[in-house]
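Whatever order the structure lists ligands and atoms in, that order sets their numbers, starting from 1. Along the sequence shown, residues are numbered consecutively beginning with 1.
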Amino acid sequence: MTRIHLSKADVGEAEERYVLDALRSGWVAPLGPHVDAFEAEVAARCGVAGALALSSGTAALHLALLDAGAGPGTVVPVSTMTFAASVNAIAYTGAEPVLVDAQESDGNLDVDLVLEAVDTLRAEGAVVPAVLAVDLFGRCVDYDRLEPGLAERDVHLVEDAAEALGAVHGGRGAGSFGRSAALSFNGNKILTTSGGGMLLSDDEEVLARARYLSTQARHPVPWYEHSEVGFNYRMSNILAALGRGQLERLDDMIARRREIRDLYEKHLSGVSGIRLLGRSGADRDDDDNCWLTTIAVDGPGARREEGETVADGIVTALNAADIEARHVWKPMHLQPLHRDQRAFLTGASERLFERGVTLPSGVGLTDADVLRVIDAVTAHLEGR
Ligand SMILES: *Cc1c(COP(=O)(O)O)cnc(C)c1O
């Protein structure tokens with residue numbers, strides 16, 4: 001049997017056409033027309049005024065946080081249930097990350113808790129310039145409540161939409177919330193440039209300043225003139241071409257991932273205590289991009305070795321069946337790197353880490369592949 005992957009990049013004829021055009025046009029030197037076009041197309045897609053194509057999502061987060069005032073002597077509350085890059089980007093600025101727990105239903109940031117964190121930190125005298133909110137697994141944070149809550153407190157919102165391109169919340173696109181937002185086009189994301197990212201904002205000044213910092217803070221004069229430390233963060237024309245090919249197919253890719261999620265729901269929901277994150281009862285996921293489908297097993301969870309969690313047991317069983325499945329992000333407050341970091345916790349993200357598994361969700365999967373995953377999960381949980 002062939003191995004089933006979690007989320008393999010899916011590139012085809014459209015991508016070939018664009019990349020070939022980039023090569024033949026002679027625009028191999030870093031910037032070029034595909035970069036400008038890719039920025040304009042993604043900005044339009046997300047519903048923001050402008051965009052800056054960068055070498056990674058982490059670079060986009062770094063620039064977004066610098067712009068929002070993160071730096072030495074400040075603290076930035078951030079979702080603890082996230083990939084390391086979110087918290088690393090805060091550390092790059094010299095600010096101190098404060099880790100905030102998730103809500104049980106979908107693993108996204110607990111809005112009440114983060115607002116409480118801001119108030120508590122401020123009451124202690126901390127400077128809190130911004131909150132970094134992560135849209136987990138392609139589903140937006142509850143911005144209906146977070147946006148006004150932060151505006152009231154005069155705290156900037158920075159959106160880590162690295163996993164959420166194409167998702168919608170309340171009629172607005174992921175990447176359009178807050179002062180600025182970061183997208184990632186890493187190899188496993190819903191849209192890939194093999195590696196890359198983008199900063200989005202409605203504020204042209206934010207983008208202009210980030211553009212300048214991303215090109216070694218070079219002043220626009222005929223010679224090389226610099227008055228501060230900059231970065232080499234821009235995306236190349238060839239990779240932007242690849243991204244334009246992918247963007248043409250984004251809606252199809254989201255539709256296929258949704259079909260895969262529907263199939264999982266049809267066969268898994270309610271079996272042996274399984275629930276799909278973001279898909280419980282009235283809490284539907286019709287606007288998610290369905291990047292990765294994640295289950296949490298709230299029942300006893302079948303066979304597992306002594307000392308193993310439910311998630312360990314499922315991941316081991318699936319790997320033995322040649323199926324790539326993963327734990328949900330290990331919360332940042334449980335990481336050796338962040339063990340001593342300030343945190344506001346309810347236990348929700350820890351429970352999700354013990355009981356949550358991300359299932360293969362890539363566009364290239366056939367229905368038969370998905371059924372094979374479903375069979376392996378149910379066989380394990382039913383102790384077959
Ligand atoms: C992938 C990811 C990033 C980082 O993006 P890169 O392009 O890999 O630098 C940041 N935050 C989250 C939540 C991610 O999933």
A.B. asks: Show the atoms of ligand 1 that are less than 4.0 angstrom away from any heavy atom in A162.
C.D. replies: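 By the 4.0 Å cutoff, the relevant atoms are 2 (C), 3 (C), 10 (C), 11 (N), 12 (C), 14 (C).
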
A.B. asks: If you measure every N or O of F185 against every N or O of ligand 1, does any of those distances drop under 3.5 Å?
C.D. replies: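 No; the residue has no nitrogen or oxygen that sits under 3.5 Å from a nitrogen or oxygen of the ligand.
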
A.B. asks: Do the ring centers of Y224 and H219 come within less than 6.0 Å of each other?
C.D. replies: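 So the answer is no for these two rings.
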
A.B. asks: Considering only non-hydrogen protein atoms, determine which one is nearest to atom 8 (O) of ligand 1 and report residue, atom name and distance to 0.1 Å.
C.D. replies: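 So the nearest neighbour among protein heavy atoms is N186 ND2, 3.3 Å.
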
A.B. asks: In ligand 1, which numbered atoms sit nearer than 4.0 Å to a non-hydrogen atom of G196?
C.D. replies: 7 (O)

A.B. asks: Main chain of G138, side chain of D135: is a donor-acceptor contact present, judged purely on distance under 3.5 Å?
C.D. replies: no

A.B. asks: Considering only non-hydrogen protein atoms, determine which one is nearest to atom 14 (C) of ligand 1 and report residue, atom name and distance to 0.1 Å.
C.D. replies: K189 NZ, 3.3 Å

A.B. asks: Look at atom 5 (O) of ligand 1 and say which protein heavy atom is nearest, naming residue and atom and giving the distance to 0.1 Å.
C.D. replies: S184 OG, 3.2 Å

A.B. asks: Give the atoms of ligand 1, by number and element, whose distance to some non-hydrogen atom of V134 is under 4.0 Å.
C.D. replies: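 This gives 13 (C) as the contact atoms.
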
A.B. asks: Could you check atom 11 (N) of ligand 1 against the protein and tell me its nearest heavy-atom contact, residue, atom and distance included?
C.D. replies: D160 OD2, 2.8 Å

A.B. asks: Around atom 15 (O) of ligand 1, find the nearest protein heavy atom and jot down its residue, atom name and distance.
C.D. replies: E163 OE2, 2.6 Å

A.B. asks: Verify whether one side chain among H333 and D101 offers a donor that lies under 3.5 Å from an acceptor in the other.
C.D. replies: no

A.B. asks: Run D21 and H34 through side-chain hydrogen bond (donor to acceptor under 3.5 Å, both in side chains) and show every step you take.
C.D. replies: CA-CA 9 Å; D21 175 79; H34 284 293; 2.7 Å; yes

A.B. asks: Any nitrogen or oxygen of W329 lying under 3.5 Å from a nitrogen or oxygen in ligand 1? Just yes or no.
C.D. replies: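 N/O-N/O distance below 3.5 Å does not exist for this pair.
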
A.B. asks: Nearest non-hydrogen contact with atom 4 (C) of ligand 1 belongs to which option: G187, S56, A85?
C.D. replies: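 The residue whose heavy atom sits nearest atom 4 (C) of ligand 1 is A85.
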
A.B. asks: Given the rule in the side chain to side chain contact (heavy atoms under 4.5 Å, CB included) test, do S214 and L54 qualify, once you have shown the distances and angles that lead to the verdict?
C.D. replies: CA-CA 8 Å; S214 71; L54 296 164; 3.8 Å; yes

A.B. asks: Hey, could you give me each pair passing side chain to side chain donor-acceptor pair (under 3.5 Å) that has a residue in residues 42-53? Not counting sequence neighbours.
C.D. replies: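 Non-adjacent pairs meeting side chain to side chain donor-acceptor pair (under 3.5 Å): R45-D251.
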
A.B. asks: Is the shortest side-chain heavy-atom distance between T215 and N232 below 4.5 Å?
C.D. replies: no

A.B. asks: Which bit of T58 gets closer than 4.0 Å to ligand 1, counting heavy atoms only: side chain, backbone, both or neither?
C.D. replies: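 Both backbone and side chain.
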
A.B. asks: For A182, is the nearest heavy atom under 4.0 Å from an atom of ligand 1?
C.D. replies: no

A.B. asks: So is S86 touching ligand 1 or not, going by heavy atoms under 4.0 Å?
C.D. replies: yes

A.B. asks: Apply the hydrophobic cluster definition, ILVMFWY joined by side-chain contacts under 4.5 Å directly or through others, and give me every member besides V221.
C.D. replies: W223

A.B. asks: Taking the six-membered ring of Y212, is NZ or CZ of R218 closer than 6.0 Å to its centre and within 45° of its axis?
C.D. replies: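 Here R218 fails the 6.0 Å and 45° test against Y212.
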
A.B. asks: Identify the two heavy atoms, one from V155 and one from R122, that lie closest to each other, and give their separation to 0.1 Å.
C.D. replies: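 Reported closest heavy-atom pair: CG2-NH2, 3.2 Å.
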
A.B. asks: Which atoms from ligand 1 have a heavy atom of T82 less than 4.0 Å away?
C.D. replies: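 Counting from 1, the qualifying ligand atoms are 13 (C).
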
